[in-house]
> 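This is the structure, below, for whatever I ask next.
Position 1 is the first residue of the sequence, and the numbers go up from there. What you see below is based on every heavy atom in this structure, not just the backbone, and it leaves out hydrogens, waters and symmetry mates. Both ligands and their constituent atoms are indexed starting at 1 by order of listing.
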Amino acid sequence: MAQASEQVLTVAQMRAAEEALIAAGETIDSLMQRAGERAAEWIWRIAAGRPVTVLCGPGNNGGDGYVIAETLRRRGLLVTIVAPLEPRTGAARRARAAYGGEIAARGKGGVFVDCLFGSGLARPLGAELASMVGELARTHSYRIAIDLPSGVASDDGALLNEDIPRYDVTLALGAWKFAHWSMPAMAIMGQRRLVPIGLGEAGADARLLARPRFAAPAIDAHKYTRGLVTVVGGPISGASQLACEGAIRAGAGTVRLAADKLHPAASADIVLKDMALPEVLADERTGAVLVGPGLGLDERARARLRDVLHAGRPTVVDADALRLIDPAGLEAFSAPLVLTPHEGELAQLAKCFAIEPEGKFDRARTLARATGAVIIAKGPDTVIAAPDGHAVLAPSASSWLAVAGSGDVLAGIVASRLAATGDPLRAACEGHWLHGEAARRCGAMFTASELARAVGDAYAAAL
Ligand SMILES: NC(=O)C1=CN([C@@H]2O[C@H](COP(=O)(O)OP(=O)(O)OC[C@H]3O[C@@H](n4cnc5c(N)ncnc54)[C@H](OP(=O)(O)O)[C@@H]3O)[C@@H](O)[C@H]2O)[C@@H](O)CC1
Ligand SMILES: Nc1ncnc2c1ncn2[C@@H]1O[C@H](COP(=O)(O)OP(=O)(O)O)[C@@H](O)[C@H]1O
Ligand SMILES: [K+]
């Protein structure tokens with residue numbers, strides 16, 4: 001079960017969680033006090049004596065702002081509140097009444113704390129408010145958003161206004177919201193930190209990716225019990241080579257390449273199987289098959305994909321094969337399945353499988369249901385969605401991953417985890433984590449081959 005700190009909530013789920021706390025004896029005021037004081041603790045450290053300007057809105061996000069301002073003022077900071085709208089909720093009014101400091105028309109520089117709107121934002125900011133936020137952001141040297149930057153839609157991370165400033169830090173109150181881990185909003189939030197307020201498990205079906213725990217092979221392990229991966233090759237042998245290199249370092253004991261020949265740079269660890277594909281796939285020890293990297297889009301590619309689906313082994317479908325797969329091809333397929341589309345492939349799959357929702361999260365989740373596959377919808381805001389509705393938000397560790405071939409490496413890693421575990425959701429999560437950790441270890445400017453070589457160290461780090 002997900003830890004409460006890993007759950008990602010919609011606004012409706014957040015409200016329900018808040019109501020559960022209230023039913024257990026809390027009040028909105030006590031929650032606001034706690035949220036505000038704990039956020040103020042962060043701001044105190046960040047401000048390091050600089051003046052603080054808090055922009056307060058009409059709702060409870062504004063209420064948090066009054067609590068923050070009063071807490072910092074009592075600790076001796078120079079605090080100014082800018083309040084273009086009067087508080088409208090009871091808790092916000094009471095928080096304002098308890099504030100004993102200055103309310104002014106503009107800030108004094110230093111740290112800007114945005115408490116204009118949080119999860120209750122219902123529409124774009126009017127021009128006056130938007131320009132006030134922009135002006136405060138420009139005239140302060142450090143910018144902190146409380147719960148969410150004003151102008152961000154909590155449930156999907158859309159930016160409702162055009163010129164929302166970039167923040168240095170965003171403090172999520174109580175629980176993560178979807179916007180904290182979705183593009184484009186996450187790109188303007190700076191560092192994100194969770195401020196706990198005592199919210200328990202809220203029955204969320206989305207959570208953040210957690211660090212996996214691997215184990216050394218069992219004492220009686222052999223190369224096949226650790227997992228046998230078959231990578232189905234095609235005309236672009238470099239792509240399947242990269243997938244094999246990822247796979248061999250991600251836990252599987254044996255990696256085979258079903259192709260006519262090896263790539264010239266292939267390592268000796270990759271076992272070439274150059275007989276007919278159905279014959280290779282007939283090996284009962286096969287733990288996972290990867291099809292797609294370097295496959296091509298021609299008739300032969302179609303035939304090889306058909307062979308793979310006909311074999312009915314646990315399968316990862318990536319790259320070219322995502323362009324060839326369709327509902328008819330999956331009709332008789334019942335083994336564990338993982339699809340790894342990037343943005344463009346996801347859009348094409350949505351069309352092919354008549355998936356209506358357009359947002360990345362809903363699209364991935366609906367596609368998972370429709371195909372019975374675990375979907376890894378890739379990108380900086382990767383979403384992993386399972387057919388039962390569970391989803392994992394898995395932001396990529398490094399934008400240096402935007403390099404040709406890094407997806408092939410991921411596909412190989414995921415196939416390796418699928419062969420090792422037999423569980424497609426677990427394989428997707430562990431594989432994505434290994435990929436991100438390998439990227440982190442590579443630092444800046446790496447190639448896909450270098451990424452694949454770092455997977456072993458990433459694996460060792462989670463033993
Ligand atoms: N959940 C919890 O456990 C806890 C939550 N907490 C805090 O509460 C925050 C959510 O509070 P909230 O629901 O009051 O919403 P919030 O974002 O302050 O604004 C709503 C107000 O703004 C108005 N409004 C909206 N859009 C507008 C626009 N474009 N332009 C102008 N007005 C606009 C809207 O009015 P209306 O849409 O009705 O016209 C309404 O009056 C959450 O982010 C967190 O900070 C914590 O205190 C601790 C516990
Ligand atoms: N800007 C980015 N930030 C983080 N991760 C990224 C970024 N761009 C790409 N990635 C990751 O790198 C991989 C690229 O996969 P893909 O687009 O299939 O590449 P290719 O087909 O060239 O191998 C995915 O895992 C994706 O999530
Ligand atoms: K805010």
Side-chain angles (χ1 to χ4, degrees), residues 9 11 13-22 26 28-36 38-39 55-65 67-68 84-89 91-92 95 113-126 128-130 133 144-152 154 160-161 167 170-175 177 183 187 195 197-199 202 239 242-243 292-293 318-320 322 340-345 376-382 394-411 413-414 431-432 435-436 439 448 451:
L9 303 186
V11 175
Q13 288 167 334
M14 187 70 197
R15 294 222 169 102
E18 180 189 88
E19 273 158 27
L21 282 181
I22 288 169
E26 293 271 9
I28 272 283
D29 297 61
S30 64
L31 288 176
M32 184 180 283
Q33 193 64 30
R34 196 178 305 145
R38 291 185 179 173
L55 174 64
C56 290
N60 288 340
N61 195 246
D64 298 334
V67 175
I68 289 168
L85 300 164
E86 290 300 305
R88 280 205 234 144
T89 70
V113 180
D114 171 2
C115 296
L116 187 58
F117 300 113
S119 57
L121 182 79
R123 55 193 173 280
L125 275 61
E128 221 168 286
L129 286 178
V133 175
I144 302 176
I146 297 303
D147 211 13
L148 297 159
S150 298
V152 160
S154 192
L160 300 191
N161 284 78
Y167 290 78
T170 295
L171 299 175
L173 300 186
K177 324 294 180 310
M183 289 295 281
V195 176
I197 61 168
L199 230 62
L242 286 169
D318 182 49
D320 290 341
L322 292 170
T340 58
H342 58 50
E343 207 79 32
E345 290 156 350
I376 306 181
K378 296 183 297 191
D381 54 352
T382 295
S396 290
S398 164
S399 53
W400 292 104
L401 279 170
V403 60
S406 67
D408 304 324
V409 176
L410 175 73
I413 297 172
V414 173
H432 179 83
H435 190 241
L451 177 69

> What is the nearest protein non-hydrogen atom to atom 48 (C) of ligand 1, stated with its residue, atom name and distance?
A35 CB, 3.8 Å
> Could you tell me which non-hydrogen atom of A175 sits nearest to which non-hydrogen atom of L199, and how far apart they are?
CB-CD2, 3.9 Å
> Nearest protein heavy atom to atom 15 (O) of ligand 2, by residue and atom, and its distance?
G407 CA, 3.2 Å
> Let me check your reading of the structure: within less than 3.4 Å of the K ion (ligand 3), is there an N/O/S atom from L116?
no
> Report, in ascending order of atom number, the atoms of ligand 1 lying under 4.0 Å from any heavy atom of M32.
47 (O)
> Can you find a heavy atom in the side chain of I28 that is under 4.5 Å from one in the side chain of I22?
yes
> Can you find a pair of side-chain heavy atoms, one from I413 and one from H432, that are under 4.5 Å apart?
no
> Determine, considering heavy atoms only, which of L322, L242, D320, L401 sits nearest to atom 11 (C) of ligand 2.
L401
> Is it true that some N/O/S atom of F117, main chain or side chain, lies under 3.4 Å from the K ion (ligand 3)?
yes
> Looking at ligand 1, would P58 count as a contact under a 4.0 Å heavy-atom criterion?
yes
> Any idea which part of P124 is under 4.0 Å from ligand 1, heavy-atom wise: side chain, backbone, both or neither?
backbone
> Are L121 and V152 packed together at the side-chain level, in the sense that at least one heavy-atom pair is separated by less than 4.5 angstrom?
no
> What is the O(D114)-the K ion (ligand 3)-O(I146) angle, to the nearest 10 degrees?
90°
> Considering only heavy atoms of S406, which atoms of ligand 2 have at least one such atom less than 4.0 Å away?
12 (O), 13 (C), 14 (C), 23 (O)
> I'd like to check whether D318 has a polar contact with ligand 2, where a contact means an N/O of the residue lying under 3.5 Å from an N/O of the ligand.
no
> Which option, R88, E128, R38, owns the non-hydrogen atom nearest atom 38 (O) of ligand 1?
R88
> Tell me the protein heavy atom at minimum distance from atom 5 (N) of ligand 2, and give that distance in Å.
S396 CB, 3.1 Å
> Name the option, out of A394, A243, S399, that contains the heavy atom nearest to atom 2 (C) of ligand 2.
S399
> Out of H435, K378, E343, who gets a non-hydrogen atom closest to atom 18 (O) of ligand 2?
K378
> Give the numbers and elements of all ligand 2 atoms closer than 4.0 Å to a heavy atom of G405.
20 (P), 22 (O), 23 (O)
> Heavy-atom distance from atom 23 (O) of ligand 2 to the protein below 4.0 Å?
yes
> Would you say the side-chain atoms of N61 pair up with the backbone N or O of I146, donor to acceptor, closer than 3.5 Å?
yes
> Shortest non-hydrogen contact from A202 to A17?
CB-CB, 4.0 Å
> If every non-hydrogen atom of L173 is compared with every non-hydrogen atom of A35, which pair is closest and at what distance?
CD1-CB, 4.1 Å
> Nearest heavy atom to atom 6 (N) of ligand 1 wins, so pick from D147, L9, D64.
D64
> Considering only heavy atoms from C-beta outward, does the side chain of C115 approach that of I68 to under 4.5 Å?
yes
> Heavy-atom distances under 4.0 Å are what count here, so tell me which part of L410 touches ligand 2: side chain, backbone, both or neither.
side chain
> So, for R123 and L160, which heavy atoms are closest and what is the spacing to 0.1 Å?
C-CD1, 3.8 Å
> Under 4.0 Å from ligand 1, counting heavy atoms only, is it the side chain of I28, its backbone, both or neither?
neither
> Can you name the closest pair of heavy atoms from Y167 and T170 and give their distance?
CB-OG1, 4.3 Å
> Measure the shortest side-chain to side-chain distance between V133 and P149 over non-hydrogen atoms and say whether it is less than 4.5 angstrom.
no
> Ligand 1 and A122, any nitrogen or oxygen pair closer than 3.5 angstrom?
yes
> Closer than 3.5 angstrom, by distance alone: can the side chain of D381 be matched with the main-chain N or O of P395 as a donor-acceptor pair?
no
> Please could you name the atoms of ligand 1 that M14 approaches to less than 4.0 Å, counting only its heavy atoms?
1 (N), 2 (C), 3 (O)
> Mark up the atoms of ligand 2 that fall under 4.0 Å of a heavy atom belonging to A402, in ascending order.
8 (N), 9 (C)
> Taking the minimum heavy-atom distance to atom 15 (O) of ligand 1, which of G62, S150, A130, G120 ranks first?
G120
> Within a distance under 4.0 Å of any heavy atom of H342, pick out the atoms of ligand 2 and give their elements.
17 (O), 18 (O)
> Pick one of side chain, backbone, both or neither for how T382 approaches ligand 2, counting any non-hydrogen atom pair under 4.0 Å.
side chain
> Output the list of atoms in ligand 2 that are nearer than 4.0 Å to some heavy atom of P380, sorted by atom number.
3 (N), 4 (C)
> Taking 4.0 angstrom as the limit, do K378 and E343 come out as a salt bridge?
no
> Record the part of R123 in heavy-atom contact with ligand 1 below 4.0 Å; permitted values are side chain, backbone, both and neither.
both
> Could you find the nearest protein heavy atom to atom 31 (C) of ligand 1 and give me its residue, atom name and distance?
F117 CZ, 3.3 Å
> Is any side-chain heavy atom of V11 less than 4.5 Å from a side-chain heavy atom of K177?
no
> Do any nitrogen or oxygen atoms of T89 come within less than 3.5 Å of a nitrogen or oxygen of ligand 1?
no
> Counting only heavy atoms closer than 4.0 Å, does ligand 1 sit against the backbone of N61, its side chain, both, or neither?
both
> So how far is it from E18 CD to L9 CG, rounded to the nearest 0.5 Å?
11.5 Å
> Please confirm whether G379 comes under 4.0 Å of ligand 2, counting heavy atoms of the residue only.
yes
> Is there a polar contact, in the sense of an N or O pair closer than 3.5 Å, between G126 and ligand 1?
no
> Select one of side chain, backbone, both or neither to describe which atoms of S398 lie under 4.0 Å from any atom of ligand 2, heavy atoms only.
backbone
> Does R15 have a non-hydrogen atom less than 4.0 Å from ligand 1?
yes
> Number the atoms of ligand 2 from 1 as they appear, then name those within less than 4.0 Å of a heavy atom of A404, with their elements.
22 (O)
> Does an N or O from G118, backbone or side chain, lie closer than 3.5 Å to an N or O of ligand 1?
yes
> Check each heavy atom of N60 against ligand 1 and say whether those closer than 4.0 Å belong to the side chain, the backbone, both or neither.
both
> Ignoring hydrogens and geometry, is there a side-chain-to-backbone donor-acceptor pair from H435 to S406 under 3.5 Å?
yes
> Please verify whether a non-hydrogen atom of L121 lies at under 4.0 Å from ligand 1.
yes
> Counting heavy atoms only, which part of H432 comes closer than 4.0 Å to ligand 2: side chain, backbone, both or neither?
neither
> To check your reading of the model: name the closest protein heavy atom to atom 10 (C) of ligand 1, its residue, and the distance in Å.
S119 OG, 3.4 Å
> Please confirm if an N, O or S atom belonging to G118, backbone or side chain, lies less than 3.4 Å from the K ion (ligand 3).
no
> Considering only heavy atoms of E18, which atoms of ligand 1 have at least one such atom less than 4.0 Å away?
1 (N), 2 (C), 3 (O), 4 (C), 5 (C)
> Can you check whether L129 reaches S150 side chain to side chain, under 4.5 Å on heavy atoms?
no
> Looking at I197, is its backbone amide N or carbonyl O close enough to the side chain of R34 to form a donor-acceptor pair, meaning the two atoms are under 3.5 Å apart?
yes
> Considering only non-hydrogen protein atoms, determine which one is nearest to atom 49 (C) of ligand 1 and report residue, atom name and distance to 0.1 Å.
I197 CD1, 3.8 Å
